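Predicted model, so just to flag it, every value in this text is computed and none were measured. Just so it is clear: chains get the letters A, B, ... in the order the sequence lines come, proteins before strands, and each one is counted from 1. For the numbers below, each heavy atom of this structure counts, side chains included, while hydrogens, waters and symmetry mates do not.
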2 protein chains.
Amino acid sequence: MRPYSQVLERLRASGLRPTRQRLALAKLLFDKGDRHVTAEILHAEAMSANIRVSLATVYNTLHQFTAAKLLREIVVDSSRSYFDTNTDPHHHFYFEDSGRLADIPGDQVVVAEVPSPPAGTTIESVEVVIRLAEEAA
Amino acid sequence: MRPYSQVLERLRASGLRPTRQRLALAKLLFDKGDRHVTAEILHAEAMSANIRVSLATVYNTLHQFTAAKLLREIVVDSSRSYFDTNTDPHHHFYFEDSGRLADIPGDQVVVAEVPSPPAGTTIESVEVVIRLAEEAA
DNA sequence: GTGTTTGCAAAGTGTTTGCAATTTA
DNA sequence: TAAATTGCAAACACTTTGCAAACAC
């Protein structure tokens, strides 16, 4: 977890001014434990919390937070971007029917034998996504 | 590898008429070994091969082939869809700078300890993507 | 002939951008 | 007050859709 109190210093360290919008979005993101949000979800939450923020600013903020390593972007759906408040290396369940994303807890997935990267490249990340269908087999 | 010769029967089995466009696209896809294409790439290839196909038909065909299990869709980039002619379970390197996708050969990645799926769900697939940055560390 | 498929152009969706007005330091 | 940030609307890239013409069986 990344307490909201750390956010202010993190923003400063990244040269991001702690504006009303950024602080409010940070509060929504980091006050409730680990979360997976899309821009649209976060914008809707801000609206219901009576925070006036444009969708464009939500997009900007999500990307700035990602650059500041407060968030991690997760690619599971070619039509939407997800952002994860848990930036530690870990993996995901993706519920295909509902579009929900969930962390796979702890070390429940282990990738053994990671291959060495092709010459001239470096491994940025190793991501495991387990796609799930709702309903039993 | 899935020889082109099997395609015709596969199409019939899926209730897809072997039209000029579908056969030509199948030839492009399956005659050259394992491939990773986007709709735009395949359309461009068809154009240079003097095959008259609209982009809309390329999209339709890619989805129909995917439904017929001749292709597998790979999600690595939230702005483009990739299709893989290798439908066997396997994993991928993704070259973030160039947008290229490559199979990780054989058993060079092993996911040990796949967690059991949450109640009421079935595992559809386990996908590993190793994201690569070009240039050495 | 009948139902399927195609191609086009228009519509759709999620995301980004240009720029004037506003806010922060 | 200088520089950063916001909000809006327009622009964007990729993908899907509606429908008449062309095609497969």
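Between R20(A) atom CZ and dT24(C) atom C1' there is a gap of 13 Å when expressed in whole angstrom units. F83(B) has its CZ atom 12 Å from the C1' atom of dC14(D), to the nearest Å. Separating the CG atom of L25(A) from the C1' atom of dT6(D) is a distance of 12 Å, rounded to the nearest angstrom. For the pair L62(A) CG and dT15(C) P, the interatomic distance rounds to 10 Å; values are reported in whole Å. Between the P atom of dT5(C) and the CG atom of L16(B) lies a distance of 6 Å, rounded to the nearest Å.
At a cut-off of 3.5 Å, with distance as the only test, no side-chain donor of N86(B) or H36(B) sits close to an acceptor on the other residue.
Of the candidates dT16(C), dT15(C), dT5(D), the closest approach to any side-chain atom of H63(A) belongs to dT16(C). Listed nucleotides dT5(C), dT15(C), dT15(D) differ in distance to Y59(B); the shortest reach to its side chain belongs to dT15(D). Considering only side-chain atoms of T19(B), the nucleotide from dT6(C), dC14(D), dG7(D) that sits closest is dT6(C). Among the nucleotides dG7(D), dA9(C), dG14(C), the one closest to any side-chain atom of E40(A) is dG14(C). Listed candidates were dG7(C), dG7(D), dT15(C). Nearest to the side chain of Q21(B) is dG7(C). Side-chain proximity of R22(A) to the nucleotides dT6(D), dG7(C), dT16(C) is greatest for dT6(D). Distance from the side chain of A56(B) is smallest to dA9(C) among dT17(C), dT6(C), dA9(C).
Side-chain contact between L29(B) and V7(B) is absent, with no heavy atoms from C-beta onward closer than 4.5 Å.
Where R52(A) and A39(B) each meet DNA chain D at their nearest nucleotide, the meeting point lying more 5' is that of R52(A).
To the nearest 0.5 angstrom, F83(A) atom CZ is 4.0 Å from E73(A) atom CD. Atoms CD and OH, on E40(A) and Y59(A) in that order, are 6.5 Å from each other to the nearest 0.5 Å.
Pairing of dA9(C), defined by two Watson-Crick or G-U wobble distances under 3.5 Å, is identified with dT17(D). With a cut-off of 3.5 Å on both Watson-Crick or G-U wobble distances, the partner of dC23(D) is given as dG3(C).
Within 3.5 Å, no donor on the side chain of R17(B) pairs with an acceptor on the base of dT5(C), nor the reverse.
Ion pairing between E45(B) and K27(B) fails under the 4.0 Å rule for side-chain N and carboxylate O.
Between S54(A) and the phosphate of dT6(D), there is no side-chain N or O to OP1/OP2 separation shorter than 4.0 Å.
When heavy atoms are screened at a 4.0 angstrom cut-off, S78(B) is found touching no nucleic acid atom at all.
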